[in-house]
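These numbers were taken from a predicted model, which means no experiment stands behind them. Note: hydrogens, waters and symmetry copies are ignored here, and every other heavy atom, side chains too, is used.
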Amino acid sequence: MTHVALLGDSVFDNAAYVRGGADVITHLRARAPEGWGASLLAVDGSVVADVHAQLKRAPAEVTHHVVSVGGNDALLQSGILGERAASAAEVLSRLADIAEEFESGYRRMLDSARAAGKPTAVCTVYYPRFPDPLAQRLAVTALTVFNDAIIRAAVAAGVPLIDLRLVCNEDADYANPIEPSEAGGAKIAAAIVRLVSGHNFENRRTEVFA
């Protein structure tokens, strides 16, 4: 029997943002084939390092891990967007430092998830929906370094990936600038079902789902 564990942050743990509507885990349980199970281990506000503790809470019946985390790590570094710099090279050097630190932690997390012996998939960080065009443009650009790290880690580990930038691509997919709405959660759940149903995990090869 397939039993999917959702790990990470509020991309999956979004009940607080749908105002009584269906959250991601509810959509997943409704859309999953008969006989599937699903557990929500993700916790709103979590960063990459928190996933290690989430993995320890996984029920014995879990067969697959799906991880969506990294957005809060990016938020914690968002102060760089307002810092003064003497040159573009200085900004890029600082971004490179942030990217290296993030990728190192992300790879350790992914190693832990795979060490449990369960097929594992990861997600990119979707773009926010800031009303201010400049803030939106800066955020999208800055997220490039985080998503590049996630994709590199996925390819190196040979695990499939859900590109949430392509899944949550409409304003209606967001309850606020950074959290998924009920509509967005439905699309995320559908992508999870497509991945777990359609990917051959034995190939140890990265495939992108959207």
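Ile178 and Val11 fall into different hydrophobic clusters, where Ile, Leu, Val, Met, Phe, Trp and Tyr residues are linked whenever their side-chain heavy atoms come under 4.5 Å apart, directly or through other members. Transitive grouping of hydrophobic side chains (ILVMFWY, heavy atoms separated by less than 4.5 Å) brings Ile162 and Val24 into a common cluster. Following chains of ILVMFWY side-chain contacts shorter than 4.5 Å, one cannot reach Val43 starting from Val47, and the two form parts of different hydrophobic clusters. Residues Val208 and Leu195 fall into different hydrophobic clusters, defined by Ile, Leu, Val, Met, Phe, Trp and Tyr side chains chained together at heavy-atom separations under 4.5 Å.
Less than 6.0 angstrom separates the ring centroid of Tyr174 from the ring centroid of Tyr126.
Side chain of Gln136 to main chain of Phe130: a donor-acceptor pair is present (N/O by atom type, distance under 3.5 Å, no hydrogens or angles). For Asn14 (side chain) and Tyr17 (main-chain N/O), no donor-acceptor pair under 3.5 Å exists by modelled atom type. Formation of a donor-acceptor pair under 3.5 Å by the Ser181 side chain with backbone atoms of Asp173 is found in this model. With hydrogens and angles ignored, the 3.5 Å screen pairs no side-chain donor or acceptor of Ser93 with any backbone N or O of Ala89.
Thr26 and Asp23 share a side-chain donor-acceptor pair at under 3.5 Å. Counting only N and O atoms by type, the side chains of Ser104 and Arg108 include a donor and acceptor under 3.5 Å apart. There is no side-chain donor-acceptor pair under 3.5 Å between His3 and Thr63.
Ring pair Phe201/His199 is perpendicular by interplanar angle, where above 60° counts as perpendicular and below 30° as parallel.
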Show every donor-acceptor pair shorter than 3.5 Å between a side-chain atom in residues 163-172 and any protein atom, with sequence neighbours excluded, or say none if there are none.
from   : atom 1 : to     : atom 2 : distance (Å)
Asp163 : OD1    : Thr124 : OG1    : 2.9
Asp163 : OD1    : Arg165 : N      : 3.1
Asp163 : OD1    : Arg165 : NE     : 2.9
Asp163 : OD2    : Arg165 : NH2    : 3.0
Asn169 : OD1    : Lys187 : NZ     : 3.1
Asn169 : ND2    : Leu166 : O      : 3.2
Glu170 : OE1    : Lys187 : NZ     : 3.2
Asp171 : OD1    : Arg129 : NE     : 2.9

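Of the residues Val66, Asn147, Ile150, the one that meets the side-chain contact (heavy atoms from CB on, under 4.5 Å) test with Cys123 is Val66.
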